[in-house]
2 protein chains.
Amino acid sequence: MSEKPYTISQVAKMLGVSPSTVSRAMNNAPGVSDSVRKQILEFVDEIGYRPNTVAQSLSRGRSNMVALILGDIRNPFYADLAFGIQKALDTKGFIVTTFNSEYDYKKEKQFIQFAEQYNYSGIILVTVNSEEADKYLGHLDIPVLLVNRITKHYNGPLIVTDNFQAGYIAARHLINLGHKRIGFLAGQNKSSSASSQRFQGFQQALNNYQLDYHADYCLYDLDWRMNTGYQAAESIFSTPRETKQRPSAFLIANDLLALGFMNYCGEHGIRIPDDISIVSFDDIAYSSLHQIQLTTVSQHVETMSKEAADLMLQLLTDPPKEPKRVIIEPTLIVRNTTQHYQEP
Amino acid sequence: MSEKPYTISQVAKMLGVSPSTVSRAMNNAPGVSDSVRKQILEFVDEIGYRPNTVAQSLSRGRSNMVALILGDIRNPFYADLAFGIQKALDTKGFIVTTFNSEYDYKKEKQFIQFAEQYNYSGIILVTVNSEEADKYLGHLDIPVLLVNRITKHYNGPLIVTDNFQAGYIAARHLINLGHKRIGFLAGQNKSSSASSQRFQGFQQALNNYQLDYHADYCLYDLDWRMNTGYQAAESIFSTPRETKQRPSAFLIANDLLALGFMNYCGEHGIRIPDDISIVSFDDIAYSSLHQIQLTTVSQHVETMSKEAADLMLQLLTDPPKEPKRVIIEPTLIVRNTTQHYQEP
DNA sequence: CTGAAAGCGCTAACAG
DNA sequence: CTGTTAGCGCTTTCAG
């Protein structure tokens, strides 16, 4: 592994052919006789020659690197997504670099520029919604695939969960259980269409079932971290309020927040679901633990990553003229953090 | 963002200077008058010219990409590690690509070759221990930094937790609590020095305190997934055995396995810590939840990632002749899954 | 201090 | 079918 790697012209010389022939043979491009091709391929394999991809990239004007830009790899939902995408693309000879925008659209933009500068050949983007992004997303030099986000003006390829429906069925579940005072711990609605659409689904459900939406049952603009969920619970339960005035159930924008929320409740003797029901979104692995048993809405991350990989592959090989848009049906997974409303 | 990017010669032409001068100015290399340099820098900034990094990479023979090869990004411990390293290196102008070896040394090797082929300028490696790796790790063309693994013959730069000590203090904690029959759910000892050293620490502690090591209290070669921990518990508790013959406590090779183990226990009415004490390793975020409260040994992943990033940076800029090796002290975090041994 | 020229390793017309 | 010739965009001697 230590000797200087061969170059294509060295290989060509050894074989007594020209570099172009070697190149053609290796890229199975037409214009090489089968016998010569075979010979080259075997030889190359034997001596372990591998083309320098940087040179290829420069020469071709494109690489086989794909950028995956997402919020934070420490969120298990994203870790799953990244893992799936990466695994699928690896086997096709693409390598994917993951960037953590930390939900900051400036960082996101930097990464996008990075990707262009580095001749990345595609970007899979869980975008931080912003007016700016909405403007340029459609006109990047390289193919973009939006994942789990949607923006007003972008109409390129896309793959999302129906987050409106996710919010709707989550809320309906609670309503079915007899809850009337339902709060919502919202994510960063401005920067996440997923979050805002879940919120809208929630409101729609309230509306359909003639329930009031109380702004003061809700918390807004929470970042997606566990600790923030903890603090949210703290602020909710430490402000004195008649029990009857307090929501009996909460929708929580993602599992991480919900876990933090439950953590606070556990520490302070607030029983779930006896005192309060909660349902959230994502269905990360930890939500299914017996000790947790979180009722949540699955986004089917496995499907999502598979579709994302497939779609990106398609964009890279033969881009369809009609951008493909795939929508995933969310599924409510009822576990143990929700129960029938009981008069306090 | 859509117009074709400028090339260095275009920029040079616009300024009426030569490409080399622009290059020198931008890399603050000597040989440009301050006034010209300033002018160039300003102009470049204004029009937003950014050098094509692929071309740079080819020309220089090295890039500013660093590969991070680890087992599985879905393990929160690795997600934390990756996040920390990436964040630290990003700000220094390096981009890091994460590869999931899935604990398979063949994949690992592939990724290493990949990295060389792509002109990566450094590799941060949580290696899958293997004889093969041990041979070539020292002689790669590019700087390597081993993280949380150690091999027999490799003596390059390194950063590890003292995993022997980790195993030792974990076991001692249990022994202090009066446990005498202690089992171990081992990870993949052959491919993970972290795992095997924890195991050795455990055995040493037993030895020091005159306790017997029972091979049949132990399970070996578990992969690191939650579900495997679940199955381990299943196999342990479903084989009939006198309670007095059963371990009263377990060391478990990492938190993920432990979580799976606890999951099974929860589902089957096995109370922790009343019926069985457990302590594991990593201290991932989910272990600290009130509903979990796992006693575990922290590897201080934050320190680890910071050190790793610093060390890699050093290797890339001015490699010291003596390879630096840093060892991190593990810390036992006592929570709620361990208690005094009680006669059954 | 500055510019011209060669070259990094590969691909892609263009000839034969 | 095969080889020759230019580049891709940048860095880096080497002259001036």
Side-chain angles (χ1 to χ4, degrees), chain A residues 3-41 43-44 47-65 93 116-121 141-142, chain B residues 3-41 43-44 47-65 93 113-114 116-121 141-142:
Chain A
E3 323 75 43
K4 262 221 165 33
Y6 296 113
T7 71
I8 198 173
S9 25
Q10 290 176 321
V11 174
K13 200 163 292 171
M14 296 174 180
L15 281 158
V17 299
S18 80
S20 6
T21 303
V22 177
S23 171
R24 283 191 274 255
M26 296 198 65
N27 297 299
N28 34 38
V32 199
S33 71
D34 285 354
S35 65
V36 175
R37 182 191 304 274
K38 182 158 172 268
Q39 197 191 128
I40 293 180
L41 257 25
F43 181 72
V44 147
I47 66 170
Y49 164 72
R50 320 212 60 191
N52 176 323
T53 9
V54 175
Q56 278 185 322
S57 170
L58 180 61
S59 176
R60 290 175 170 157
R62 66 200 155 70
S63 69
N64 50 347
M65 308 192 294
E116 296 191 298
Q117 199 180 144
Y118 272 84
N119 275 195
Y120 273 78
S121 52
D141 303 327
I142 51 183
Chain B
E3 322 74 43
K4 262 218 166 36
Y6 295 113
T7 71
I8 198 172
S9 25
Q10 291 176 318
V11 174
K13 200 164 292 171
M14 296 176 180
L15 281 158
V17 298
S18 80
S20 4
T21 303
V22 177
S23 170
R24 283 190 272 254
M26 295 199 65
N27 296 300
N28 34 39
V32 199
S33 71
D34 285 355
S35 63
V36 175
R37 182 188 304 274
K38 182 158 172 268
Q39 198 190 123
I40 292 181
L41 258 26
F43 181 71
V44 146
I47 66 169
Y49 164 72
R50 321 212 59 190
N52 175 323
T53 10
V54 174
Q56 276 185 323
S57 171
L58 179 60
S59 176
R60 289 176 173 157
R62 65 197 156 71
S63 70
N64 50 347
M65 307 193 294
Q113 289 177 337
F114 234 31
E116 295 190 299
Q117 200 180 141
Y118 273 84
N119 274 195
Y120 273 77
S121 51
D141 303 326
I142 51 182

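Predicted, not measured: the structure shown is a model, and the values here were computed from it. Naming convention: chains lettered A, B, ... in sequence-line order (proteins, then strands); numbering from 1 in each chain.
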- prompt: 5'-most contact on DNA chain C: A/Tyr6 or B/Val32, nearest heavy atom basis?
  reply: B/Val32
message: Suppose we screen for side-chain contact (heavy atoms from CB on, under 4.5 Å). Which residues come up paired with A/Thr21, at least two apart in sequence or across chains?
response: A/Val17, A/Ser18, A/Arg24, A/Val32, A/Val36, A/Ile40
statement: Here the residues of residues 50-62 of chain A within 4.0 Å heavy-atom distance, strictly under, of DNA chain C are A/Pro51, A/Asn52, A/Ala55, A/Gln56, A/Ser59, A/Arg60
query: So, does B/Arg37 use its side chain to make a donor-acceptor pair with the main chain of B/Pro30 at under 3.5 Å?
result: no
query: Mind checking what makes side-chain hydrogen bond (donor to acceptor under 3.5 Å, both in side chains) contact with B/Tyr118, not counting sequence neighbours?
result: A/Asn64
Contacts under 3.5 Å, N or O only, protein and nucleotides 3-6 of chain D:
| unit_1 | atom_1 | unit_2 | atom_2 | d |
| --- | --- | --- | --- | --- |
| D/dG3 | OP2 | A/Ser18 | N | 3.0 |
| D/dG3 | OP2 | A/Ser18 | OG | 3.4 |
| D/dG3 | OP2 | A/Thr21 | OG1 | 2.8 |
| D/dG3 | N7 | A/Arg24 | NH2 | 2.8 |
| D/dG3 | O6 | A/Arg24 | NH1 | 3.2 |
| D/dG3 | O6 | A/Arg24 | NH2 | 3.3 |
| D/dT4 | O4 | A/Ser20 | OG | 2.9 |

statement: Between CG of A/Asp34 and P of D/dT2 the distance, given in whole Å, is 10 Å
query: Taking five pairs at each end, how big is the angle between the two axes of the helix from C/dC1-D/dG16 to C/dG16-D/dC1, to 10°?
result: 40°
query: Taking CD1 from A/Ile8 and P from D/dT2, how many angstroms apart are they, rounded to a whole number?
result: 15 Å
query: Quick one: is B/Ser23 getting a side-chain N or O under 4.0 Å of the D/dT11 phosphate, OP1 or OP2?
result: yes
message: For a 4.0 angstrom threshold against heavy atoms of chain B, report the outermost contacting nucleotides of DNA chain C in 5' to 3' order.
response: C/dC1 to C/dG9
task: Report yes if a side-chain nitrogen or oxygen of B/Tyr49 is closer than 4.0 Å to either non-bridging phosphate oxygen (OP1 or OP2) of D/dG9; otherwise report no.
output: no
- line: d(B/Phe114 CZ, B/Tyr120 OH) to nearest 0.5 Å is 8.5 Å
query: Taking all non-hydrogen atoms of both residues, which atom of B/Tyr6 and which atom of B/Tyr49 are closest, and how far apart?
result: O-CE1, 3.5 Å
task: Indicate the atoms forming the closest heavy-atom contact of B/Gln10 with B/Pro5, along with that distance.
output: OE1-O, 4.0 Å
message: Within this structure, what is the CG-OG1 distance for the pair B/Asn52 and B/Thr7, rounded to the nearest 0.5 Å?
response: 10.0 Å
statement: Between CG of B/Asn119 and P of D/dT11 the distance, given in whole Å, is 14 Å
- prompt: Could you state the interatomic distance from CG (A/Asn119) to CD (A/Gln56), rounded to the nearest 0.5 Å?
  reply: 12.5 Å
message: Using whole Å, what does the distance between atom C1' of nucleotide D/dC10 and atom CG of B/Asn64 come to?
response: 13 Å
statement: All heavy atoms of B/Leu41 vs all of B/Ala25, minimum pair found to be CD1-O, 3.8 Å
Closest heavy-atom pair and its distance - B/Ile8, B/Pro19: CD1-O, 3.6 Å
